Amino acid sequence: MVNIAGLLASSWLLSGAYAASSSTSASYSQFTIPAAANIGANLIANIDDHEAVNAQSVCPGYKASNVHQSSKGFTATLQLAGAPCNSYGIDVDSLDLSVEYQAKDRLNIYIVPSHVDASNASWYFLNEDVVPRPKVSPNASAAHSDLALEWSNEPSFNFKVTRKATDDVLFNTQGSVLVYENQFIEFVTSLPEDYNIYGLGEHFQQLRILHNATLTAYGSDKGNPIDSNLYGSHPFYLDTRYFERSKNGSFIPVKTSEADPKKEYKSFSHGVFLRNAHGLEVITQPQNLTWRTLGGSIDLTFYSGPSQAEVTKNYQVSTVGLCYRPCRINLT
């Protein structure tokens, strides 16, 4: 027999539970993202902001000390040469410099902070499983290299890389300062007039890189943007220079704009690779090249060539590896 009193009691409890649930739901409100969330901060890119800080004019650079020579190069400590500028981050006060002649046709310059631990190693070190570093040849030495490096502390640390065969300066940071901060790195190299530079991919642009261009290397996952960055990047450029042989056998540089189309000239090419996976940009100006990156290290490798094919082959074989063979269906 049904317990009428029990049914009435349970129905009263059930109605009370529904009432409690109903009152709770009525007091709950769903958060809605405001329309203003689509409006970003009003920021101006530095290249368009005439009031942006010029790190080259306010930062002190570095001074080299504790230099230790070897047959394959040298190491040194770079100390901040003045008060920190902290222009776009916090200046790193001490850096380790390593100059290594890795092969007859390859030279490496490596600059990293002196004090790195597990908490910040990923800021500065690029895993070699991701991008391998070139290996050193057992027979490599400064004496047998195609290239020579000189450095100075006046007015602050600077260096230049020269091709021995032509005495031509391939890379020269004299007249600029090294800026090394935890979120900003900048260095500048001078270049001859009418330089012929190719590379700094991946971009859709003309083959020879123009002056007064800002080339950004920051993977954007876009398939076909014009004059913009693509899926990945190759911070590598090839520089070709032309020379006329004098009667005494020396090489005289020839400007591209002044070359005589009826004459034959001797060409020498070299390559420069910055092993850095952070967002970076390269600014091409009429007589210099500015490298900027948001972090990482300065891991520069120079390839002496001297032909364009030899530079490209050395870059691929020693550094980034050869590309894979496409599927047969892509070749038809």
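Note that this is a predicted model, so its numbers are computed, not measured. The chain is numbered in sequence order, starting from 1.
When all heavy atoms of G249 and R245 are compared, the closest pair comes out as O-NE, 2.5 Å. Taking both residues in full, the closest heavy atoms of F236 and G271 are given as CE1-CA, 3.9 Å, listed atom of the first, atom of the second, then distance. In plain terms, the two heavy atoms of K164 and A148 that are nearest each other are CE-CB, 4.1 Å. Taking all atoms of both residues into account, the shortest heavy-atom contact from V136 to A140 is CG1-CB, 4.4 Å. Closest of all the heavy-atom pairs between A64 and F157 is CB-CD1, 3.9 Å. Scanning both residues, P286 and N212, for their nearest heavy atoms gives CD-OD1, 3.5 Å.
A heavy-atom distance below 4.5 Å is not found between the side chains of P253 and R241. The side-chain heavy atoms of L170 and D168, taken from C-beta on, include a pair separated by under 4.5 Å. Residues R275 and T301 have side chains not in contact (no heavy-atom distance under 4.5 Å, counting atoms from C-beta outward). Contact of the I298 side chain with the Y180 side chain is registered, since non-hydrogen atoms from C-beta on lie closer than 4.5 Å. Under the 4.5 Å side-chain criterion, counting only non-hydrogen atoms from C-beta, V272 is in contact with L300. Counting heavy atoms from C-beta on, the side chains of N120 and D117 come closer than 4.5 Å. Residues S176 and F187 have side chains not in contact (no heavy-atom distance under 4.5 Å, counting atoms from C-beta outward). Proximity of E181 to C59: side-chain heavy atoms (C-beta onward) are separated by under 4.5 Å at one or more points.
Around atom NE2 of H211, more than 12 heavy atoms belonging to other residues, nucleotides or ligands sit under 6.0 Å away. Within 6.0 Å of atom NZ in K72, more than 12 heavy atoms from other residues, nucleotides or ligands are found, so the atom counts as buried in its surroundings. Summarising the local packing, NZ of K266 is surrounded by 12 or fewer heavy atoms from other residues, nucleotides or ligands at distances under 6.0 Å. Enclosure of atom CD1 in I252 by more than 12 non-hydrogen atoms of other residues, nucleotides or ligands within 6.0 angstrom is indicated.
With I111 as the fixed residue, the side-chain contact (heavy atoms from CB on, under 4.5 Å) test singles out one of L178, D96, V99: L178.
For N276 (side chain) and G295 (main-chain N/O), a donor-acceptor pair under 3.5 Å exists by modelled atom type. Remark: the backbone N or O of C85 is paired with a side-chain donor or acceptor of D91 at under 3.5 angstrom. Remark: the backbone N or O of V92 is not paired with any side-chain donor or acceptor of H115 at under 3.5 angstrom. T75 contributes no side-chain N or O that, together with a main-chain N or O of S98, makes up a donor-acceptor pair within less than 3.5 Å. With K63 contributing its side chain and N153 its backbone, the two residues share a donor-acceptor pair below 3.5 Å. For the pair R163 (side chain) and S304 (backbone), a donor-acceptor distance under 3.5 Å is present. Of the possible donor and acceptor atoms, none in the side chain of N66 sits under 3.5 Å from a partner among the backbone N and O of T77. No donor-acceptor pair closer than 3.5 Å links the side chain of T293 to the backbone N or O of I185. Side-chain atoms of N196 come within 3.5 Å of backbone atoms of T240 as a donor-acceptor pair (strictly under, hydrogens ignored). A donor-acceptor pair is defined here as one N or O able to donate and one able to accept, closer than 3.5 Å; such a pair exists between the side chain of Q56 and the backbone of V177.
Under the 4.5 Å side-chain heavy-atom criterion for grouping Ile, Leu, Val, Met, Phe, Trp and Tyr, V320 is connected to V311 within one hydrophobic cluster. Both L95 and Y124 are part of a single hydrophobic cluster, where members link through side-chain heavy atoms under 4.5 Å apart. Clustering ILVMFWY residues whenever any of their side-chain heavy atoms sit less than 4.5 angstrom apart, transitively, puts V130 in a cluster other than the one holding V112. Put simply, L78 and W291 are part of the same group of oily side chains (I, L, V, M, F, W, Y) that touch within less than 4.5 Å, one to the next. In the hydrophobic cluster analysis, where Ile, Leu, Val, Met, Phe, Trp and Tyr join through side-chain heavy atoms closer than 4.5 angstrom, L191 is grouped apart from Y198.
Going from atom CG of D239 over to atom OH of Y195 covers 9.5 Å, rounded to the nearest 0.5 Å. Atoms CD and CD, on Q287 and E193 in that order, are 4.5 Å from each other to the nearest 0.5 Å. S94 OG to L80 CG: the interatomic distance, rounded to the nearest 0.5 Å, is 9.5 Å. Rounding to the nearest 0.5 Å places CZ of F159 at 5.0 Å from OG1 of T173. Distance CG/D49 to CD1/I44: 5.0 Å, rounded to 0.5 Å. Atom CG of D146 sits about 13.0 Å away from atom NE2 of H270, to the nearest 0.5 Å.
For F243 and F268, the ring centers are positioned less than 6.0 Å apart. Taking the ring centroids of F273 and H234, they lie at or beyond the 6.0 Å cut-off. Checked against the 6.0 Å centroid criterion, the rings of F184 and Y88 qualify as a close aromatic pair.
Between F302 and F171, the angle of the ring planes goes over 60°, which puts this pair in the perpendicular group of the 30/60° scheme.
Using modelled atom types and a 3.5 Å distance limit, the side chains of Y303 and T319 yield a donor-acceptor pair. The closest side-chain donor-acceptor pair between S250 and N248 falls under 3.5 angstrom. Using a 3.5 Å distance cut-off with no hydrogens or angles, the side chains of S65 and Q79 do not pair a donor with an acceptor. No side-chain donor from either of Q174 and S152 sits under 3.5 Å from a side-chain acceptor of the other.
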Can you list the steps and then say if V67 with Q69 is a side-chain contact (heavy atoms from CB on, under 4.5 Å)? CA-CA 7 Å; V67 180; Q69 299 280 354; 4.0 Å; yes

Full working for salt bridge (Lys or Arg N to Asp or Glu O under 4.0 Å) between E128 and R133: CA-CA 6 Å; E128 293 193 34; R133 295 195 74 225; 5.2 Å; no

Would E310 and D105 satisfy side-chain contact (heavy atoms from CB on, under 4.5 Å), going step by step from the backbone distance to the final call? CA-CA 9 Å; E310 288 172 311; D105 53 2; over 6 Å; no

Please determine whether side-chain contact (heavy atoms from CB on, under 4.5 Å) holds for the pair Y237 and L289, giving the CA-CA distance in whole Å, both sets of side-chain angles, and the decisive distance to 0.1 Å. CA-CA 11 Å; Y237 71 77; L289 202 72; 3.4 Å; yes

Residue pair F74, L97: steps toward the side-chain contact (heavy atoms from CB on, under 4.5 Å) verdict: CA-CA 8 Å; F74 67 90; L97 165 69; 3.9 Å; yes

